[in-house]
J.: 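Mind having a look at this structure? Questions to follow.
Predicted, not measured: the structure shown is a model, and the values here were computed from it. Heavy-atom basis, side chains included; hydrogens, waters and symmetry copies ignored.
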Amino acid sequence: MSTFAVIYTYTDDTDTRMQARPKHRDYLAALPELVVAGAWSPSEPAGGLLIFRAADKSAVQKLLDADPYAEAGVIANVEIREWVPPLGPAAAAITQE
């Protein structure tokens, strides 16, 4: 298993995003691959960070394709990056096999 950071950038369609938000949050909460997720601060551009443990990028992409936010069309850009957190007290818990 590898760790992947996903960076979402949202469209300007806040109304549609807020309508899809409960389903998006329920979907993410049910994923065993999800380590942590959250939106950027309101002072930042609309988007969020998600951390997954998965076999590879294609497995993460499949999870993202089924995200209600993707289905609602409110994601303007997605970056998936393999991530190896080298330092800090949470690094071992995130990368644990």
Side-chain angles (χ1 to χ4, degrees):
M1 294 292 256
S2 297
T3 304
F4 295 90
V6 173
I7 301 169
Y8 271 173
T9 303
Y10 302 139
T11 67
D12 292 335
D13 189 352
T14 304
D15 290 340
T16 300
R17 182 166 36 93
M18 289 299 107
Q19 288 174 4
R21 188 174 189 218
K23 287 182 181 179
H24 161 76
R25 292 174 63 93
D26 289 346
Y27 173 74
L28 292 179
L31 294 176
E33 298 89 348
L34 183 69
V35 176
V36 67
W40 301 126
S41 166
S43 65
E44 297 291 336
L49 174 68
L50 304 91
I51 306 295
F52 290 95
R53 295 281 298 145
D56 53 35
K57 283 185 182 183
S58 66
V60 174
Q61 186 63 61
K62 286 179 186 176
L63 297 172
L64 301 178
D65 289 345
D67 185 338
Y69 271 5
E71 294 172 357
V74 298
I75 301 171
N77 188 54
V78 176
E79 291 181 53
I80 303 172
R81 298 183 184 192
E82 189 167 359
W83 184 51
V84 182
L87 299 172
I94 290 170
T95 59
Q96 223 171 34
E97 295 284 334

J.: Is there a chain of hydrophobic side chains (I, L, V, M, F, W, Y, each step under 4.5 Å between heavy atoms) that links Leu50 to Ile7?
T.: no

J.: Taking all atoms of both residues into account, what is the closest heavy-atom pair of Ile75 and Val78, and its distance?
T.: CG2-CG2, 3.4 Å

J.: With a 3.5 Å cut-off and sequence neighbours excluded, list the donor-acceptor pairs that the side chains of residues 55-67 form with protein atoms.
T.:
from  : atom 1 : to    : atom 2 : distance (Å)
Asp56 : OD1    : Ser58 : N      : 3.2
Asp56 : OD1    : Ser58 : OG     : 2.7
Asp56 : OD1    : Ala59 : N      : 2.9
Gln61 : NE2    : Asp65 : OD1    : 2.7
Asp67 : OD1    : His24 : ND1    : 2.8
Asp67 : OD1    : Tyr69 : N      : 2.9
Asp67 : OD2    : Tyr8  : OH     : 2.8
Asp67 : OD2    : His24 : ND1    : 3.1

J.: Kindly give the heavy-atom pair with the smallest separation between Leu34 and Ala37, and that separation in Å.
T.: CD1-CB, 4.0 Å

J.: Minimum heavy-atom separation for Thr16 and Ala72, please, with both atom names.
T.: CG2-O, 3.9 Å

J.: Which heavy atom in Arg53 sits nearest to a heavy atom in Ser2, and how many Å separate them?
T.: NH1-C, 3.1 Å

J.: Is there a path of hydrophobic side-chain contacts, each under 4.5 Å between heavy atoms of I, L, V, M, F, W or Y residues, that connects Ile80 with Phe52?
T.: yes

J.: Could you tell me the separation between the OG1 atom of Thr3 and the CZ atom of Arg81, rounded to the nearest 0.5 Å?
T.: 15.5 Å

J.: How long is the gap from CG on Asp13 to CE on Met18, to the nearest 0.5 Å?
T.: 10.0 Å

J.: At their closest point, which heavy atom of Trp40 faces which heavy atom of Ala46, and how far apart are they?
T.: CD1-C, 4.5 Å

J.: Report whether Leu49 and Leu28 are members of the same hydrophobic cluster (ILVMFWY, side-chain heavy atoms less than 4.5 Å apart, transitive linking).
T.: no

